[in-house]
Amino acid sequence: MQLISKTDNRPYMNVIFGNFYSPAFDNEEFVDKTMGLIRDLGFNSVMFDTKAWEDFKERFETGALSQYVKMQEYMGGSAHRHGLAYNFLLLYLNGDNLYPHIRFSPPIFGEETVYLDGRPGRWYKYWSKKAQISMKEHVDRIMKQYGQGCERCLTGEIDQGKDRQDMNNGAKEVIPVCSMWDPVVAPSFDKEGQKRYLDYLRELYKGDIKSLNHNYETELEKFDDLTPKEYWYSVRFGSDSFYTEEDVKKRSPKFWVWRDNALWKIHELTLYFEKIGPMLKENNPELLLCPDMSQWGYFLNIYGRTQQDIDNEFSDLWDTAMRGIDIYALAPYVDSCHFITVPVTPDGYPDSYVVSCQHSMMRVMNQGKPFIGGIYWGRYIYNDLYALLSPSEIIGSMTACGIDGYTCYGMNGLDDGGVMNRMDTHFLDSLRMANEWFSQVICLRKGEKKKEIAILFPSEMAHLEPYEVGNNKIRRLDLLGWYKLCCDLGYQVDVISNLS
């Protein structure tokens, strides 16, 4: 499979430019200078932060230009003047209201969750038809307004010829987009949300209330008697409470309630991707849906509570075991199953094998379809990863794993460190050389990658067991250790799941 940009007839190489305040607080000179740097580094497209905010709707309906939208339109023109195409990060886990003091336009939810006390939850109701329609309307508006200038790629088993000119042998033209960034389902405690969760429990327990009573240590007559005080972990046990190894051994209510909450989130997220894909393509069938399933890797995440001082609400979500997400299960419902990897261990130490291992996961998820890799470039929390690792090493690892193209984060994403524009010349020289090498060698691949050794992904641990459960970190590192061992012995390694 290939994914060749029509912008320059090279593999798709994409960088995210902007985040919350950018480009609203950038000036035109900075935008132009940065676009020139992006092109000089060998990228052929740039991804804009174009989430479902009110000001994009206003632009479409009235022509009004907010400070943010005006500068993003300037970015589109600047990209074209520098020989780049653009695409979009279209939707975000909770609509994106993380920094309302610098991003003034509110998000559009369609329908949002409800807190236990009745306040608006400021989070998508992923299962809501209204929420899904609002997402579709936003994507339709953006593509109608700006789709003409989008990055377009040819995908398929492309016969590129000696000079990469013969690219029509079975090729399909697509527009790669990030259709959702960091999807996370949250509960809703309104009447409808509670009923939906209880219906799920009833199905999970096959209507056997006695079995649930045994697990939850309750004495209820029917499922409809359950309230959030019994069935939702943070309500019953507290938001800073975690179950322990002892809870697992004893199969305590803490374990069962946590498990059931997580399985419900996985269930709802799977239903969401199954439904939203056809909706987004109804008016834009050329879209190649490539959501970023996780911003900070999968399973081999950093341990957020040891890497920062405050704001555990969002650092906890860096651990995908806290989210309720099975990325392998979502793969059939997207055009390219993708997440951003970071070459870092749970303790924050640089390790390129993490990127290789996670791209092995993605390769398995993308059998028979375009494989878009993902990598974080920039400083990272308290450590400068790329003082010890080079972009050339990382892109070499990704290429060896079989990527057809890649997206990286990011350019001027200052709030969490994606500041390629501020990296030193050694980093930039290495990245430039790596992109050029990647664009030359990818067309030399022949046939399928060898299948020699498979490592079974520890799904239950990945989906149910956060770092706070005793000795979890070392158990996760077992996967990385086995992966390193097999690679060092010269084997091709696939990290498969029971769904593969």
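No experiment lies behind these values; they were computed from the predicted model shown.
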Inset, instruction - Could you give me the CA-CA distance, side-chain angles and deciding distance for Y231 and L198, then say whether side chain to side chain contact (heavy atoms under 4.5 Å, CB included) is met? - result: CA-CA 9 Å; Y231 72 67; L198 295 182; 3.8 Å; yes

Legend entry - CA sep, side-chain torsions, deciding dist, call: K254, Y233, side chain to side chain contact (heavy atoms under 4.5 Å, CB included): CA-CA 7 Å; K254 274 191 170 184; Y233 189 95; 3.6 Å; yes

Inset, instruction - Run the numbers on S356 and Y483 for side-chain hydrogen bond (donor to acceptor under 3.5 Å, both in side chains), then give the verdict. - result: CA-CA 9 Å; S356 178; Y483 184 83; 2.7 Å; yes

Inset, instruction - Could you give me the CA-CA distance, side-chain angles and deciding distance for N261 and W264, then say whether side chain to side chain contact (heavy atoms under 4.5 Å, CB included) is met? - result: CA-CA 5 Å; N261 290 175; W264 173 76; 5.9 Å; no

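The pair R196-D199 does not count as a salt bridge, with every side-chain nitrogen at least 4.0 angstrom from each carboxylate oxygen. At a threshold of 4.0 Å, the pair D208-K206 does not count as salt-bridged, since none of the basic side-chain nitrogens sits closer than that to a carboxylate oxygen. The pair D140-K144 does not meet the salt-bridge criterion, since no charged nitrogen lies less than 4.0 angstrom from a carboxylate oxygen.
For the salt bridge (charged side-chain N to carboxylate O under 4.0 Å, His left out) test, residues two or more places apart in sequence or in another chain that qualify with R475 are E245, E465. Evaluation of the ring-ring contact (aromatic ring centres under 6.0 Å, His included) rule for Y74 yields no partner, not counting sequence neighbours.
By the 6.0 Å contact criterion, OH on Y349 is open, its count of non-hydrogen atoms from other residues, nucleotides or ligands being 12 or less.
The residue from Y216, Y200, Y197 that alone fulfils the side-chain hydrogen bond (donor to acceptor under 3.5 Å, both in side chains) condition with D260 is Y216.
Put simply, the side chain of P107 reaches to within 4.5 Å of the side chain of R122, judged on heavy atoms.
Taking the six-membered ring where tryptophan is involved, the planes of F371 and H359 are tilted, since the angle between them lies from 30° to 60°. Taking the six-membered ring where the residue is Trp, Y146 and F88 present tilted rings, their angle falling between 30° and 60°.
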Please tabulate, for side-chain N and O atoms in residues 181-189, each donor-acceptor pair with protein atoms closer than 3.5 Å (sequence neighbours left out).
{"unit_1": "W181", "atom_1": "NE1", "unit_2": "Q295", "atom_2": "OE1", "d": "2.9"}
{"unit_1": "D182", "atom_1": "OD1", "unit_2": "Q295", "atom_2": "N", "d": "2.7"}
{"unit_1": "D182", "atom_1": "OD1", "unit_2": "R323", "atom_2": "NH1", "d": "3.1"}
{"unit_1": "D182", "atom_1": "OD1", "unit_2": "R323", "atom_2": "NH2", "d": "3.4"}
{"unit_1": "D182", "atom_1": "OD2", "unit_2": "R323", "atom_2": "NH2", "d": "3.4"}
{"unit_1": "S188", "atom_1": "OG", "unit_2": "V114", "atom_2": "N", "d": "3.0"}
{"unit_1": "S188", "atom_1": "OG", "unit_2": "D190", "atom_2": "OD1", "d": "2.8"}

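Y328 and N498 share no donor-acceptor pair across their side chains, judged by distance under 3.5 Å alone.
Checked against a 6.0 Å centroid threshold, the rings of F17 and F43 do not count as neighbours.
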